[in-house]
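The structure appears below as structure tokens.
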Amino acid sequence: MCCSNPKVSHCDAAAAFPEDYISNVQRLSEDIVKNVKNLKNDALKYAVKEYKVELKPLYSAFELRPFAMTTLRSFLMFYLPLLEPATNVEEDDEDFLQDTPKEQHVDLVVPFKKSVKQIIRETTVVTTRRVLERLAVIYVSQRMAWKLLKDVPKSAVRKSQRGLPTTVYFFRVSRTTFRGHLLGVVAAALVQTGIEIYRCFCRKTNSEESDEVNLTEQTKLLGKKISGITIRCGASLIFASIGAGIGAVLFRPSVGQWIGCAAGDLAGPIIVSVCLEKAFHVNL
């Protein structure tokens, strides 16, 4: 019986690899680790932007400082004209020679009533805006709600620090102001429309004539006034946005934006009313 020896073959595996194989593997692993870290940093850098929406209190118009400013502004608006001296241009020589001039009675009750109405109107507009802000948070996307509730002067400052060209900076500040000013203008339009509807119903109730002709005229007058409110508020929004962009470019971003927005808000309805009156003979 013959016994066969097992055949053993030897293989030198190390000879198949180059000398720098281990160093290449280590270098490759280090590169992979670096790429993973870079990906994590990029992911943190370009993460999804969080839109933090901060709602102001619903009754913020009745807080001490805003309510005091509204009251002071309203009373000054109607009581300052009373301080102007009354001058009569068509004075006769006989009135000149009078030793005792006539005492003019100043009515203080009417300006007081107008001031109270103005306070109620302004606080109602602010409260209506707070309600619209809450509706925007509920019914629109978080990104759009953040844009509608954005602090526009602070946003103008942030945009000024990016080194944008003047035209781009003007456009972006105007666009941001348009969005941030939109809810306030809509609130003012809603309140003014409600006041006109209330006045219309009061006129219908107090009017002795209740025929269809009078009703038709009142309805046409109400529609004309609502159209005028819409045009004036739209002009206020557009001119405030343009003025904010111009003010931010010419002056400091935050102060210039605020001044331009206020100036455009006041000048817009006046400019549009004058243009419509001269071009189409329409009185708003």
Between Thr216 and Lys220, a side-chain donor and acceptor under 3.5 Å
no
May I ask you to check whether over 12 heavy atoms, not counting those of Arg172, lie within 6.0 Å of atom CZ?
no
Scanning both residues in full, the closest heavy-atom pair of Ala244 with Thr177 reads CB-OG1, 3.3 Å
Taking a hydrophobic cluster as the set of Ile, Leu, Val, Met, Phe, Trp and Tyr residues connected by side-chain heavy atoms closer than 4.5 Å, whether directly or through intermediates, do Leu135 and Leu190 fall within one such cluster?
yes
Is a donor on one side and an acceptor on the other found under 3.5 Å between the side chain of Ser60 and the backbone of Lys56?
no
Greater than 12 external heavy atoms within 6.0 Å of Ile138's CD1:
yes
If you measure from CD1 on Ile226 to CG on Leu221, what distance do you get to the nearest 0.5 Å?
10.0 Å
Do Val126 and Leu64 share a hydrophobic cluster, counting only Ile, Leu, Val, Met, Phe, Trp and Tyr and linking them when any side-chain heavy atoms are less than 4.5 Å apart?
no
Taking atom OG of Ser273 and atom NZ of Lys278, what is their separation to the nearest 0.5 Å?
12.5 Å
So do the side chains of Pro253 and Gln257 get within less than 4.5 Å of each other, counting heavy atoms only?
no
For the atom pair CZ (Phe171) and CD1 (Ile242), what is the distance rounded to the nearest 0.5 Å?
12.0 Å
Look at the side-chain heavy atoms of Ile, Leu, Val, Met, Phe, Trp and Tyr, link any pair under 4.5 Å apart, and say whether Val131 and Val125 land in one connected group.
no
Heavy-atom closest contact (Arg129 atom, Gly180 atom, distance):
NH2-O, 3.0 Å
Say whether Leu266 and Ile246 are linked into one hydrophobic cluster, either directly or through other cluster members, by side-chain heavy-atom distances under 4.5 angstrom.
no
Can you name the nearest heavy-atom pair linking Ala189 to Cys233, along with the distance?
CB-SG, 3.6 Å
Heavy-atom side-chain proximity of Lys114 to Val110 below 4.5 angstrom:
yes
Show the numbers, then the answer: is there a side chain to side chain contact (heavy atoms under 4.5 Å, CB included) between Arg73 and Gln118?
CA-CA 9 Å; Arg73 184 170 58 250; Gln118 182 66 21; over 6 Å; no
With a 3.5 Å distance limit and no angle check, can you tell me whether Thr127 reaches the backbone of Thr124 through a side-chain donor-acceptor pair?
no
Working note: Arg199 + Leu222, criterion side chain to side chain contact (heavy atoms under 4.5 Å, CB included); need CA distance, chi angles, decisive distance, verdict.
CA-CA 9 Å; Arg199 289 175 178 173; Leu222 178 62; over 6 Å; no
Where Lys147 and Arg143 come nearest, the two heavy atoms and their spacing:
NZ-NH2, 2.9 Å
Check for a donor-acceptor pair, side chain of Ser155 on one end and backbone N or O of Asp151 on the other, with a separation under 3.5 Å.
no
Is there a donor-acceptor contact under 3.5 Å from the side chain of Arg252 to the main chain of Ala248?
no
Quick one: are Phe239 and Val272 in side-chain contact, heavy atoms under 4.5 Å?
yes
Counting only heavy atoms not in Tyr79 (residues, nucleotides, ligands), do more than 12 fall under 6.0 Å from its OH?
yes
Check whether any side-chain heavy atom of Val249 lies under 4.5 Å from a side-chain heavy atom of Val173, and answer yes or no.
no
Please report the interatomic distance CG(Leu149) to CG(Leu183), rounded to the nearest 0.5 Å.
6.5 Å
If you apply the rule side chain to side chain contact (heavy atoms under 4.5 Å, CB included), what do you find for Ser241 with Arg175, and how did you get there?
CA-CA 7 Å; Ser241 304; Arg175 183 179 62 182; over 6 Å; no
Is Pro57 close to Arg130 at the side-chain level, that is, under 4.5 Å between some pair of heavy atoms?
no
Is Ser236 reaching over with its side chain to a backbone N or O of Arg232, donor-acceptor style, under 3.5 angstrom?
no
For residues Lys150 and Arg179, determine if any side-chain heavy atom of one lies less than 4.5 Å from a side-chain heavy atom of the other.
no
Working for side chain to side chain contact (heavy atoms under 4.5 Å, CB included), residues Ile119 and Phe75:
CA-CA 9 Å; Ile119 293 170; Phe75 277 100; 3.9 Å; yes
Taking CE in Met77 as the centre, count heavy atoms belonging to other residues, nucleotides or ligands within less than 6.0 Å. Is the count above 12?
yes
Same apolar cluster: Leu132 and Leu58, side chain cutoff 4.5 Å:
yes
Check whether any side-chain heavy atom of Arg121 lies under 4.5 Å from a side-chain heavy atom of Ile195, and answer yes or no.
yes
I'd like to check Phe251 versus Ile259 (side-chain heavy atoms, cut-off strictly below 4.5 Å). Are they in contact?
no
Once you measure the plane-to-plane angle for Phe62 and Tyr59, does it fall in the parallel (<30°), tilted (30-60°) or perpendicular (>60°) bin?
tilted
Please answer whether the main-chain N or O of Ala156 pairs with a side-chain N or O of Tyr169 as donor and acceptor at a distance below 3.5 Å.
yes
